[in-house]
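To find a chain, count down the sequence lines: A is the first, B the second, and so on, and within it residues start at 1. Computed from heavy atoms alone, side chains included, the values below leave out hydrogens, waters and symmetry copies. These numbers were taken from a predicted model, which means no experiment stands behind them.
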Number of protein chains: 2
Amino acid sequence: MAEPPRGRARRRDPEAARTIRDVADRAGVSTATVSRVVNGNYPVAASTRAAVERAMRELGYVANAHARALAGSTTRVVGIVVNEIVDPFFAYIARGVQSEATASGRLCLVCSTQGDEAAELRFVDLLLEQRADAVILVGGAVEDQDYFATIGQRAKQLAKNGSSLVLCGRPGLESGVPAYAVDYDNTGGAAAITDHLLSVGHTKILYLGGPTMLSTTTARVRGFRQAYAARKLEHDPALVRTGAFGRQWGYDQTLRALDEGPEFTAIFAANDIVAAGAYTALRERGLSIPGDISVVGYDDVPVAVELQPALTTVRVPLEELGRAAVRAGVSGQEPNADPFAHQQQVTTLGTVVVVRDSVAPPGRR
Amino acid sequence: MAEPPRGRARRRDPEAARTIRDVADRAGVSTATVSRVVNGNYPVAASTRAAVERAMRELGYVANAHARALAGSTTRVVGIVVNEIVDPFFAYIARGVQSEATASGRLCLVCSTQGDEAAELRFVDLLLEQRADAVILVGGAVEDQDYFATIGQRAKQLAKNGSSLVLCGRPGLESGVPAYAVDYDNTGGAAAITDHLLSVGHTKILYLGGPTMLSTTTARVRGFRQAYAARKLEHDPALVRTGAFGRQWGYDQTLRALDEGPEFTAIFAANDIVAAGAYTALRERGLSIPGDISVVGYDDVPVAVELQPALTTVRVPLEELGRAAVRAGVSGQEPNADPFAHQQQVTTLGTVVVVRDSVAPPGRR
DNA sequence: TTGAAAGCGCTAACAA
DNA sequence: TTGTTAGCGCTTTCAA
C-alpha cells in the first residue's frame with residue numbers, strides 16, 4: 001500500500017466518498033446550486049441542472065443524510081419500539097409503520113426490547129439522539145406512576161428536539177404532555193365477541209390471559225363484563241384468569257382452570273397465541289373444540305387459520321394502527337400545521353369479529 | 001404567541017434542544033472537554049467530569065447523533081432489507097440482526113420491500129445516504145445478470161462510503177466485489193430431510209415450492225436429488241414443482257399435483273408456509289397426514305407446531321444468521337481489522353432435522 | 001488535563 | 001437564476 005499523496009494540492013483520495021463540493025467543482029457551479037438540484041425545491045436553469053446531474057452521475061455522488069439532517073431540520077426517519085418483532089401482533093403494526101414511513105419518504109428504525117422493560121427507555125433515548133421525526137411506542141407497558149413520570153418527561157424532551165411521541169396500543173398520557181395516542185377498541189371488541197359466545201348459549205366463559213396490570217387487559221375485561229351486563233347475566237369473577245400472554249401460559253392456565261374449576265364451557269383467550277396454547281391443553285385432556293369447549297381469540301393473526309378448528313377471533317386493524325401512528329407523529333412536521341393543536345389527540349380504530357369454526361353451543365360434559 | 005426575543009444577547013430559546021455548547025458554558029469548560037466526558041475515551045479530571053455531568057443532567061442534554069456521525073466516522077446504525085417483515089422467516093433473521101446490533105451499541109434500520117423488487121435498490125440507496133455501518137440484504141432476489149451488475153456496483157459504492165454489504169441467505173458476488181455472504185446449508189438440510197423420508201420407505205416424493213430461479217431453490221433441489229442418488233434411487237423429475245413460496249401457492253399446487261399426477265406418497269414443501277397450504281389441500285381431499293401422505297417443511301417457524309399433526313421440518317438457525325450478518329458487516333469497523341481481509345468471506349451455518357408427527361411409512365392409496 | 005480551532009457535508013438566508 | 005457565506009453540533013488534532 002502506497003502512502004496517500006501528501007502534496008500541497010491535497011487531491012482527494014479517488015476512492016473516497018464524493019461530496020457536494022466535488023460535484024459543484026466538476027459541474028462548475030456552487031454547492032448551493034447542487035443542493036438546489038438535489039432537492040428540486042428551487043428553480044434551476046435546465047442546462048445547469050443537466051450539468052449538475054451529469055456530474056453527480058459521473059462521480060457516483062450520494063448525499064450524506066447526516067449532514068442533511070444537521071443543516072436542515074427533518075431527519076426523514078421514524079422510530080418504533082416494540083416488545084418482540086417476531087410476534088405477529090407487533091410485526092403487523094411494524095409493517096403498517098413501514099409502509100406509511102416509506103410512503104412519506106422516510107426510513108424506519110425498529111427497536112425490539114425482547115421483553116426487557118428498561119430497554120424501552122434506552123431505545124427512546126437512542127431515538128432521541130437520532131432526532132427521529134416520530135417515536136412510536138407500541139403495546140403494553142407496566143403503567144405505574146414511574147412509567148407515567150418517565151414517559152411524560154421523555155415526551156417533553158422529544159418535543160423539545162422536534163420529534164413527537166406516539167403511543168400505539170397503549171393509553172395516552174395526562175393532558176398537557178405532548179404525545180399522541182392511537183389505539184383500537186379493546187372494550188368494544190371484547191364485548192362483541194363475548195356477546196357472540198353468549199348468543200349461542202354460553203354463560204360460563206373463562207377469560208384467559210393478558211398481563212394483569214395492563215390497560216389493554218383492563219379494557220378487554222371491561223368489555224367482557226359489559227356484554228354480560230347487557231344481557232343481565234352474572235359472571236363468576238373466579239373465571240377471570242389474567243397474568244400474561246404467550247402460548248405456554250395459555251396452555252398451563254387452561255390445564256389449571258380445568259383442574260381447579262369453576263366449570264366453564266367456553267374460553268375467551270386474550271389473544272390468538274394464548275388460544276393456541278389452550279387448544280393444546282384441551283386436546284391433551286381429550287376435550288373437543290368446539291364440541292366440548294368453545295374457544296375465541298383476539299387479534300386475528302395468521303395462526304388463527306392454521307389452528308384446527310380455525311379460530312373465531314376479533315380482527316384488529318394492526319397495519320392501519322401502525323399507519324395511523326406514523327401519520328399522527330409526522331403531522332406536526334407538515335407545513336403550516338400547529339404541532340400543539342394535535343396534542344393528546346387520541347385516535348381509536350374499530351374492530352370486527354371474524355367467525356370461524358371454534359364456537360358451538362355448549363354441549364354435554 | 002410573543003415574538004422570539006431579538007435582543008443582541010441572543011439568548012437561546014429556553015424550549016430549544018440543548019447543545020454541547022450549552023453544556024460547556026454551564027460547566028465552565030470547553031466543548032472539547034464535554035465531548036471527552038461524553039465519549040469517555042480520554043482522561044478528564046474527576047472534578048471536571050463531575051461538573052460536566054451535572055451540567056448535562058441539569059440541562060437535559062441529548063447528543064445529536066447526526067452531528068456525531070458527521071464529525072466522527074461511524075454512524076452506529078445497521079440497515080437490513082427484507083421482503084416481508086411479517087413473514088417469520090424474515091422476522092427471526094431481523095431479530096438476530098436486532099440483538100447483535102443492540103449488543104454492539106447500534107440501532108437497526110429495517111426496510112421491508114413487500115415483494116417490490118425495485119424497492120430493494122431504493123432502500124439500499126437510502127441506506128447508502130445514511131452511511132449505515134452495514135447493509136444487510138436478506139433472502140431471495142432474482143439472480144440475473146442485471147442483479148449482479150447492480151448489486152456489485154452498490155457494493156463498491158457502499159465500501160467507498162465506509163459501509164459494508166452483507167448478503168444473507170443469498171449467494172455471494174463475484175470475487176473482487178467487497179461483500180460478505182452468510183447463508184445456511186440448503187443442500188445439506190434438504191438432503192437430510194429427504195433421506196428421512198426415504199428411510200421410512202417413501203420413494204415418490206413431491207418437491208413443492210420456491211421460486212424457480214432462486215438459488216435457494218436450486219440448492220435445495222440439489223440436496224433433494226443428492227439424497228436419492230446416495231441411496232441409488234431414481235426420482236421422477238415431474239415430481240418437482242417449483243414456482244413460488246406462500247400458503248396459497250402450496251394449496252393450489254398440491255391440488256394440481258393430486259389431480260395431474262404422477263402419484264406421490266410424501267411432500268417436501270420448500271418451507272413451512274407452503275406446507276401449511278398443502279395441509280389444507282390434503283385435508284380438503286380427505287387425505288390424512290401422515291396416514292395417506294407424509295409432509296415435511298423447511299425453516300421450522302412457529303406455525304410448524306400449530307399444524308395438526310405437528311410438522312417435521314428442517315430447523316434453520318435464522319436468528320444466528322442475522323447475528324452472523326451483523327458481525328460480518330461491522331467487523332471491518334473494529335479497530336485494527338483489515339476490511340479487505342474478509343472480503344467475500346462466506347459463512348455457512350448448519351441445519352438440523354426436527355422430527356415431529358407428519359411423517360409415517362407410505363400406506364395404502 | 002484542558003482549550004482553540006478547523007473541519008465533517010449540507011442547507012438556507014441574503015446578495016448579486 | 002446563481003453564488004457567498006454562515007452556521008447546524010460534534011470530534012479531533014495541535015498547543016498550551
ask   = In chain order, what residues pass the side-chain contact (heavy atoms from CB on, under 4.5 Å) check against B:Ala71, with sequence neighbours excluded?
value = none
Within residues 18-39 of chain A or reaching into it, pairs that qualify as ring pair (Phe, Tyr, Trp, His ring centres under 6.0 Å) - sequence neighbours excluded = none
task = Return each pair, listed once, that meets ring pair (Phe, Tyr, Trp, His ring centres under 6.0 Å) where at least one residue sits in residues 46-73 of chain A; pairs must be two or more places apart or across chains.
result = A:His66-B:His66
Show me the donor-acceptor pairs within less than 3.5 Å that the side chains of residues 123-131 of chain B make with the rest of the protein, sequence neighbours left out.
{"from": "B:Asp125", "atom 1": "OD1", "to": "B:Arg154", "atom 2": "NE", "distance (Å)": "2.6"}
{"from": "B:Asp125", "atom 1": "OD1", "to": "B:Arg154", "atom 2": "NH2", "distance (Å)": "3.4"}
{"from": "B:Asp125", "atom 1": "OD2", "to": "B:Arg154", "atom 2": "NH2", "distance (Å)": "3.0"}
{"from": "B:Arg131", "atom 1": "NE", "to": "B:Asn161", "atom 2": "OD1", "distance (Å)": "3.3"}
{"from": "B:Arg131", "atom 1": "NH1", "to": "A:Ala63", "atom 2": "O", "distance (Å)": "3.2"}
{"from": "B:Arg131", "atom 1": "NH1", "to": "B:Leu128", "atom 2": "O", "distance (Å)": "2.9"}
{"from": "B:Arg131", "atom 1": "NH2", "to": "A:Val62", "atom 2": "O", "distance (Å)": "3.1"}
{"from": "B:Arg131", "atom 1": "NH2", "to": "B:Asn161", "atom 2": "OD1", "distance (Å)": "3.3"}

key: Positions of residues 46-54 of chain B (non-hydrogen atom under 4.0 Å from DNA chain D), listed by number   = none
key: side chain to side chain donor-acceptor pair (under 3.5 Å) against B:Tyr147, all qualifying residues, sequence neighbours excluded   = B:Arg170
request  = Do nucleotides 10-16 of chain C as a string where each nucleotide becomes B, S or -: B if the base has a protein heavy atom under 4.0 Å, S if just the sugar-phosphate does, - if no protein is that close.
outcome  = BSBB---
Nearest whole angstrom, please: distance from the [atom2] of [N] to the [atom1] of [X].
X        : N      : atom1 : atom2 : value
B:His66  : D:dT11 : NE2   : P     : 14 Å
B:Leu59  : D:dG9  : CG    : C1'   : 14 Å
B:Lys160 : C:dG9  : NZ    : C1'   : 16 Å
A:Leu70  : D:dC8  : CG    : C1'   : 4 Å
B:Met56  : D:dG9  : CE    : C1'   : 15 Å

Applying salt bridge (Lys or Arg N to Asp or Glu O under 4.0 Å), name anything that partners [X], two or more places apart in sequence or on another chain.
X        : answer
B:Glu53  : none
B:Glu117 : none
B:Arg95  : A:Glu84, B:Glu319

inquiry  = Using five pairs at each end of the helix from C:dT1-D:dA16 to C:dA16-D:dT1 to define an axis, what is the angle between those two axes, to 10°?
reply    = 30°
query = Does the side chain of B:Thr33 get closer than 4.0 angstrom to OP1 or OP2 of C:dT2 through an N or O atom?
reply = no
query = Closer than 4.0 Å, any side-chain N/O of A:Ser30 to the OP1 or OP2 of D:dT4?
reply = no
query = With a 3.5 Å cut-off and no angle check, do the side chains of B:Thr19 and B:Arg21 form a donor-acceptor pair?
reply = no
Tell me which donor-acceptor pairs under 3.5 Å the side chains of residues 28-36 of chain B have, and how far apart each pair is, sequence neighbours excluded?
{"from": "B:Ser30", "atom 1": "OG", "to": "B:Ala32", "atom 2": "N", "distance (Å)": "3.4"}
{"from": "B:Ser30", "atom 1": "OG", "to": "B:Thr33", "atom 2": "N", "distance (Å)": "3.3"}
{"from": "B:Ser30", "atom 1": "OG", "to": "B:Thr33", "atom 2": "OG1", "distance (Å)": "3.3"}
{"from": "B:Ser35", "atom 1": "OG", "to": "B:Asn39", "atom 2": "ND2", "distance (Å)": "3.4"}

message = Does any part of the side chain of A:Val166, heavy atoms only, come nearer than 4.5 Å to the side chain of A:Ile80, both counted from C-beta?
response = no
